[in-house]
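Written below as structure tokens is the structure these notes are about.
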Amino acid sequence: MSDAAAAPQFEVRLARDEAELRASQRLRYEVFAEELGASGPMVDHAERLERDRFDPVFDHMLVFDHARGDTPERQVVGVYRLLPGERVAQTGGFYGDGEYDLSVLKASGRKLLELGRSCLHRDYRGGAAMFHLWTQLAAYTIEREIEILFGTASFHGTDLEALAAPLSLLHHRHLAPVDLRVRTLPQFYEPLERMPEAEIDKPAAMRAVPALIKAYLRLGGFVGDGAFVDREFNTTDVFLVLDVARMNARQRAIYTKGLGG
């Protein structure tokens, strides 16, 4: 019987200390390294931690299930890390600057929030944990008057032809408007449009789209122009951008109920 079999006792909040940050890095390792095959210079296989130079500056929003135990190592079952735009001077740039040309967002004059490293423990996928995480993300966004949220989300694997249908569907149906259309850097650019829309089996293609991307799309989000093949993480990344002013009103109401937004 899994630890998640007991009724969960969820709490979602920002990490407060090094032990909680380390617990989030451990969960990231389990998901990205052990499950998805990620590697790289700051993936610590000996300590089983996935971390990078951005971690000290980002906020780390964590899902705790207090029914699992009494230490962060046991309790942390979900992670999302967040970088408000005003902190970018501390890192020398956004994480996404390494893959994408973000100039259209930087020049907008609007309040930005970069999101990344979203993951859930395998026992909590498809359940209430992600809803709790997104509800607190909504609260965080409202409190800080964020106007544009952005980040990357990944398809597992790097075989672009195997992903041709879902990538093409995203391009044809969900490409960002020009004022939000971030583009993959030229040296890494891989087109999303890999087949004509008429040739796509749309229900099958949408089933192949990861849940996180679908969540952004339901809220009224868009994808950027081009994919990035991340061979260290064994993923194909797409850029996601969400303009709070253009959010789907019904979905917005679900996540912001009782938050004043």
Do Trp134 and Tyr140 make the cut of ring centroids closer than 6.0 angstrom?
->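 No; Tyr140 has its ring centre 6.0 Å or more from that of Trp134.
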
Tyr80/His60 aromatic ring centres below 6.0 Å = no

Quick one: closest heavy-atom pair of [X] and [Y], and the distance?
{"X": "Gln75", "Y": "His66", "result": "NE2-ND1, 3.3 Å"}
{"X": "Pro166", "Y": "Val209", "result": "CB-CG2, 4.0 Å"}
{"X": "Val43", "Y": "Ala38", "result": "CG1-O, 4.4 Å"}

Determine which pairs satisfy salt bridge (charged side-chain N to carboxylate O under 4.0 Å, His left out) with at least one residue from residues 138-159, sequence neighbours left out, and list them in order.
-> Arg110-Glu147

With no hydrogens and no angle check, is any side-chain donor or acceptor of Lys214 less than 3.5 Å from a backbone partner on Met206?
-> yes

Is there a donor-acceptor contact under 3.5 Å from the side chain of Ser168 to the main chain of Met195?
-> yes

With Thr235 via side chain to side chain contact (heavy atoms under 4.5 Å, CB included) - residues at least two apart |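 With sequence neighbours excluded, Thr235 shows a side chain to side chain contact (heavy atoms under 4.5 Å, CB included) to Ser154, Asp230, Phe233, Asp237, given in chain and number order.
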
Results of side chain to side chain contact (heavy atoms under 4.5 Å, CB included) for Ala128 - residues two or more places apart only = Phe10, His132

Under a 4.0 Å threshold between the charged nitrogen and the carboxylate oxygen, would [Y] count as salt-bridged to [X]?
{"X": "Asp201", "Y": "Arg207", "result": "no"}
{"X": "Asp59", "Y": "Arg81", "result": "no"}
{"X": "Asp55", "Y": "Arg117", "result": "no"}

Of Glu73, Glu47, Glu50, the residue whose pairing with Arg22 passes salt bridge (charged side-chain N to carboxylate O under 4.0 Å, His left out) |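 Single salt bridge (charged side-chain N to carboxylate O under 4.0 Å, His left out) partner of Arg22 among Glu73, Glu47, Glu50: Glu47.
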
Take Lys106 and Asp97 through the test salt bridge (Lys or Arg N to Asp or Glu O under 4.0 Å) and record every step on the way to the result.
-> CA-CA 11 Å; Lys106 294 176 182 178; Asp97 280 314; 2.9 Å; yes

Taking the hydrophobic residues Ile, Leu, Val, Met, Phe, Trp and Tyr, and joining any pair whose side-chain heavy atoms are under 4.5 Å apart, which ones share a cluster with Leu180?
->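 Via sub-4.5 Å side-chain contacts, Leu180 links to Phe54, Val57, Phe58, Leu83, Val88, Phe94, Tyr95, Tyr100, Leu102, Val104, Leu105, Leu112, Ile148, Phe150, Val182, Leu185, Phe188, Phe222, Phe228, Phe239, Val241.
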
Residues two or more places apart in sequence or in another chain: which of them pass salt bridge (charged side-chain N to carboxylate O under 4.0 Å, His left out) with Glu114?
-> none

Who pairs with Glu35 by side chain to side chain donor-acceptor pair (under 3.5 Å), at least two apart in sequence or on another chain?
-> Arg122, Arg125

Between the side chains of His121 and Glu30, does any donor sit under 3.5 Å from an acceptor?
-> no

